[in-house]
Amino acid sequence: GKSDTNAFAGIFDGNNCSILNIATKETTTGQYAALFKYLLAGGKVCNLSTYGQYNQTIKMNGVIVGRNWGIIENCTNYVSVTVADGAKAAELHRYTAGIASVNNGNIISCVNYGKISGEQYASGITSRMYAGSIENCINYGTITGAGFRDGGMTGYADAGIISGCSNFAPVSGTQY
């Protein structure tokens with residue numbers, strides 16, 4: 001699922017197992033850094049835990065999925081994500097989250113424990129929600145952003161439904 005024209009559309013059932021020492025090395029401007037970069041409608045990632053560390057300089061970072069049109073269910077993230085300075089000015093709108101960078105699908109019963117640090121749209125579950133839903137999710141990870149659309153569940157929701165969710169961690173930001 002490395003692009004929207006070559007996206008993952010199957011079912012990945014982690015069988016309640018974990019992926020350890022997950023790391024990214026994405027350097028392409030405008031690309032998603034995630035275990036599954038693109039998850040299409042009809043696709044599903046479920047029953048999975050992730051551990052490791054992301055240190056990125058690109059724009060869009062989610063641990064489980066980069067851009068979601070499908071279903072992410074019962075996934076737990078322990079990966080801390082740090083987005084470093086050094087990108088071009090066009091890359092300032094960083095979508096950094098523990099579960100999915102951008103959501104158009106459904107995120108159900110997922111938990112983030114990872115510390116999320118980014119410039120803009122830093123969030124525990126999804127950075128930006130264009131549509132879909134976030135249901136029964138929890139964020140325990142500290143969120144640190146630039147103070148521009150940062151949040152526990154999402155940094156920004158254009159549309160969709162958020163229900164039965166809880167944030168138990170501080171969300172903080174500083175202005176440019």
Side-chain angles (χ1 to χ4, degrees), residues 18-37 45 48-68 72 75-104 107-130 132-158 160 162-176:
S18 299
I19 297 177
L20 306 176
N21 301 317
I22 193 170
T24 61
K25 294 183 181 185
E26 183 61 63
T27 58
T28 307
T29 299
Q31 291 296 308
Y32 292 97
L35 184 59
F36 295 88
K37 288 185 179 187
V45 176
L48 176 68
S49 294
T50 52
Y51 294 83
Q53 176 70 42
Y54 276 21
N55 292 300
Q56 289 294 127
T57 58
I58 67 165
K59 173 175 169 177
M60 297 169 273
N61 302 279
V63 176
I64 308 293
V65 175
R67 182 129 193 182
N68 178 44
I72 306 168
C75 290
T76 302
N77 174 54
Y78 293 91
V79 175
S80 291
V81 182
T82 303
V83 178
D85 290 332
K88 298 174 187 170
E91 293 294 292
L92 288 178
H93 290 283
R94 300 181 195 278
Y95 298 98
T96 305
I99 303 298
S101 179
V102 174
N103 185 52
N104 293 68
I107 302 174
I108 305 163
S109 300
C110 292
V111 181
N112 176 61
Y113 288 96
K115 179 181 176 182
I116 308 299
S117 177
E119 288 181 359
Q120 299 173 3
Y121 299 90
S123 180
I125 304 301
T126 187
S127 299
R128 188 158 185 177
M129 189 163 93
Y130 286 99
S133 67
I134 302 172
E135 304 169 32
N136 303 318
C137 293
I138 301 172
N139 178 56
Y140 292 106
T142 300
I143 309 299
T144 305
F148 184 78
R149 298 179 177 161
D150 305 313
M153 290 302 111
T154 186
Y156 190 83
D158 292 285
I162 299 173
S163 65
C165 297
S166 298
N167 178 57
F168 293 105
V171 177
S172 64
T174 58
Q175 293 295 330
Y176 290 142

Using side-chain contact (heavy atoms from CB on, under 4.5 Å) as the criterion, list what pairs up with [X], not counting sequence neighbours.
X: S18; result: L20, S49, Y51
X: I108; result: I71, E73, N106, E135
X: I162; result: M129, I134, M153, T154, C165

Which residues satisfy the side-chain hydrogen bond (donor to acceptor under 3.5 Å, both in side chains) test with [X], sequence neighbours excluded?
X: T50; answer: N77
X: D158; answer: R128
X: N103; answer: N68

How long is the straight-line distance from CD1 of I22 back to CD1 of I64, given to the nearest 0.5 Å?
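It comes to 6.5 Å.
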With rounding to the nearest 0.5 angstrom, report the OG to CG distance, S117 to D150.
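Reported value, rounded in 0.5 Å steps: 9.5 Å.
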Only counting residues at least two apart or in another chain, list the ones meeting ring-ring contact (aromatic ring centres under 6.0 Å, His included) with Y140.
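Partners of Y140 by the ring-ring contact (aromatic ring centres under 6.0 Å, His included) criterion, ordered by chain and then number, come out as Y113, F168.
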S80 side chain to K115 main-chain N or O, any donor-acceptor pair under 3.5 Å?
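Present.
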Partners meeting salt bridge (Lys or Arg N to Asp or Glu O under 4.0 Å) with R67 (sequence neighbours left out):
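Partners of R67 by the salt bridge (Lys or Arg N to Asp or Glu O under 4.0 Å) criterion come out as none, since no residue qualifies.
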Heavy-atom check, side chain of N61 versus side chain of S101, under 4.5 Å
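Contact flag for N61/S101 side chains = no.
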